[in-house]
Amino acid sequence: MTEPSDVHATRAAYNTVAADYAGLLRNELDTKPFDRAMLGTFAELVRSSGGRAVADIGCGPGRITAYLNSLGLAAFGIDLSPEMVAVARRDHPGLQFGIGTMEALEITDGTLDGIVAWYSIIHTPPARLPRVFAEFNRTLLDGGLVLLAFQAGDGPRHLDFAYGHEIDLDAYRLQPERISELLVQAGLVVEAQLLREPDGKYEKTRQAYLLARKPAAA
Ligand SMILES: C[S@@+](CC[C@H](N)C(=O)[O-])C[C@H]1O[C@@H](n2cnc3c(N)ncnc32)[C@H](O)[C@@H]1O
């Protein structure tokens with residue numbers, strides 16, 4: 001199948017910024033207590049159901065993958081950008097990272113205890129998100145969890161400069177209510193949501209976090 005042009009552009013942009021993105025965000029979680037709280041709650045819920053197998057989808061340089069492992073999970077990363085995957089392998093040599101797309105995961109049905117997509121659904125045109133969430137539902141075990149983080153708001157914006165580089169990248173701010181609806185349509189149940197104010201430094205909009213579960217089979 002022909003790859004949509006936005007996928008090509010997203011891969012190219014993150015290939016360009018990978019090393020600098022990793023350097024700039026390496027310690028970012030230290031300054032984000034709500035982010036750590038959501039990731040910590042996700043990890044606790046996955047562990048309490050007896051699971052550990054978690055995919056960090058759109059993992060970038062692997063900082064979230066590493067954090068999830070530090071919380072007792074067996075997390076591995078997948079990313080569209082080969083340069084991001086190379087940086088992740090360099091920075092976290094003990095962890096597993098692979099190249100792939102969230103729109104067609106090379107993961108067997110019903111094998112994951114959890115999925116984290118941390119600011120990674122934001123480059124997929126919203127009309128194609130139902131397919132992404134169908135992939136999440138397909139690959140999760142019954143009772144498995146999904147955690148999403150994204151910038152709340154409306155509409156696309158174009159980035160022509162980021163992380164010290166000229167790029168050509170679209171990003172979408174998303175309405176949490178709409179994303180919740182799409183998760184439900186994919187067969188998931190939304191269990192928690194957090195909407196927090198921007199940090200006043202780098203963030204310009206509210207930040208949204210959604211936690212959803214694949215229901216146990218009837
Ligand atoms: C803003 S970065 C976030 C990276 C990482 N989750 C973090 O928080 O540091 C977005 C990442 O999503 C990846 N990405 C975008 N679309 C993707 C797709 N369709 N499948 C897999 N990864 C994707 C990009 O290559 C990029 O590394």
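One-based numbering, in listed order, for ligands and for the atoms of each. For clarity, every value in this text was computed on a predicted model and none was experimentally measured.
Side-chain contact between Pro126 and Arg178: absent, with no pair of heavy atoms (C-beta onward) separated by less than 4.5 Å. Residues Leu112 and Phe76 are in side-chain contact: their nearest non-hydrogen atoms beyond the backbone lie under 4.5 Å apart. A 4.5 Å side-chain heavy-atom check between Leu148 and Phe136 finds at least one atom pair inside the cut-off. By the 4.5 Å heavy-atom criterion applied to side chains, Lys204 and Arg173 are counted as neighbours. No side-chain heavy atom of Thr16 sits under 4.5 Å from any side-chain heavy atom of Tyr163.
How far CG of Leu80 is from CD1 of Ile57: 12.5 Å, rounded to the nearest 0.5 Å.
The residue among Leu29, Thr101, Leu169 with a heavy atom at the shortest distance from atom 19 (N) of ligand 1 is Thr101. Of all the listed residues (Gly58, Pro61, Ala88), Gly58 holds the heavy atom that lies closest to atom 6 (N) of ligand 1. In this comparison of Tyr163, Tyr14, Tyr21, Phe150, the heavy atom closest to atom 7 (C) of ligand 1 sits on Tyr21.
For the ligand labelled ligand 1, residue Leu25 lies outside the 4.0 Å heavy-atom shell. Heavy-atom separations between Gly100 and ligand 1 include at least one value shorter than 4.0 Å.
Considering backbone and side-chain N/O atoms, Glu103 never comes within less than 3.5 Å of an N/O atom of ligand 1. Taking distance alone, with nitrogen or oxygen atoms compared against 3.5 Å, Ile57 stays at or beyond that limit from ligand 1. In terms of polar-atom proximity, defined here as any N/O pair under 3.5 Å, Thr10 makes no such contact with ligand 1. Residue Leu80 has at least one nitrogen or oxygen atom sitting less than 3.5 Å from a nitrogen or oxygen atom of ligand 1, judged on distance alone. In terms of polar-atom proximity, Met102 is counted as a contact of ligand 1, with an N or O under 3.5 Å from an N or O of the ligand.
Salt-bridge formation is detected for the pair Asp109/Arg138: a Lys NZ or Arg NE/NH1/NH2 atom is positioned less than 4.0 Å from an Asp or Glu carboxylate oxygen. At a threshold of 4.0 Å, the pair Asp35-Arg196 counts as salt-bridged, since one of the basic side-chain nitrogens sits closer than that to a carboxylate oxygen.
Looking from atom 12 (O) of ligand 1 to the surrounding protein, the closest heavy atom is Ser120 CB, 3.4 Å. When only non-hydrogen protein atoms are considered, atom 13 (C) of ligand 1 lies nearest to Asp79 OD2, 3.3 Å. Nearest protein neighbour of atom 10 (C) of ligand 1, counting heavy atoms only, is Tyr119 O, 3.4 Å.
Every atom of ligand 1 is numbered from 1 in the order shown, and the set under 4.0 Å from a heavy atom of Arg63 is 7 (C), 8 (O), 9 (O). The distance from ligand 1 to the heavy atoms of Trp118 drops below 4.0 Å at these ligand atoms: 3 (C), 5 (C), 6 (N), 8 (O).
With a 4.0 Å cut-off on non-hydrogen atoms, Arg11 does not touch ligand 1 at all. Looking at Cys59 against ligand 1, only its backbone comes within 4.0 Å, counting heavy atoms.
When each of Phe150, Trp118, Phe34, Phe42 is tested with Tyr209 by the rule ring-ring contact (aromatic ring centres under 6.0 Å, His included), just one qualifies, namely Trp118.
A pairwise comparison of heavy atoms in Thr65 and Cys59 identifies OG1-CB, 3.7 Å as the closest pair.
Atom CD of Glu191 has more than 12 neighbouring heavy atoms from other residues, nucleotides or ligands inside a 6.0 Å radius.
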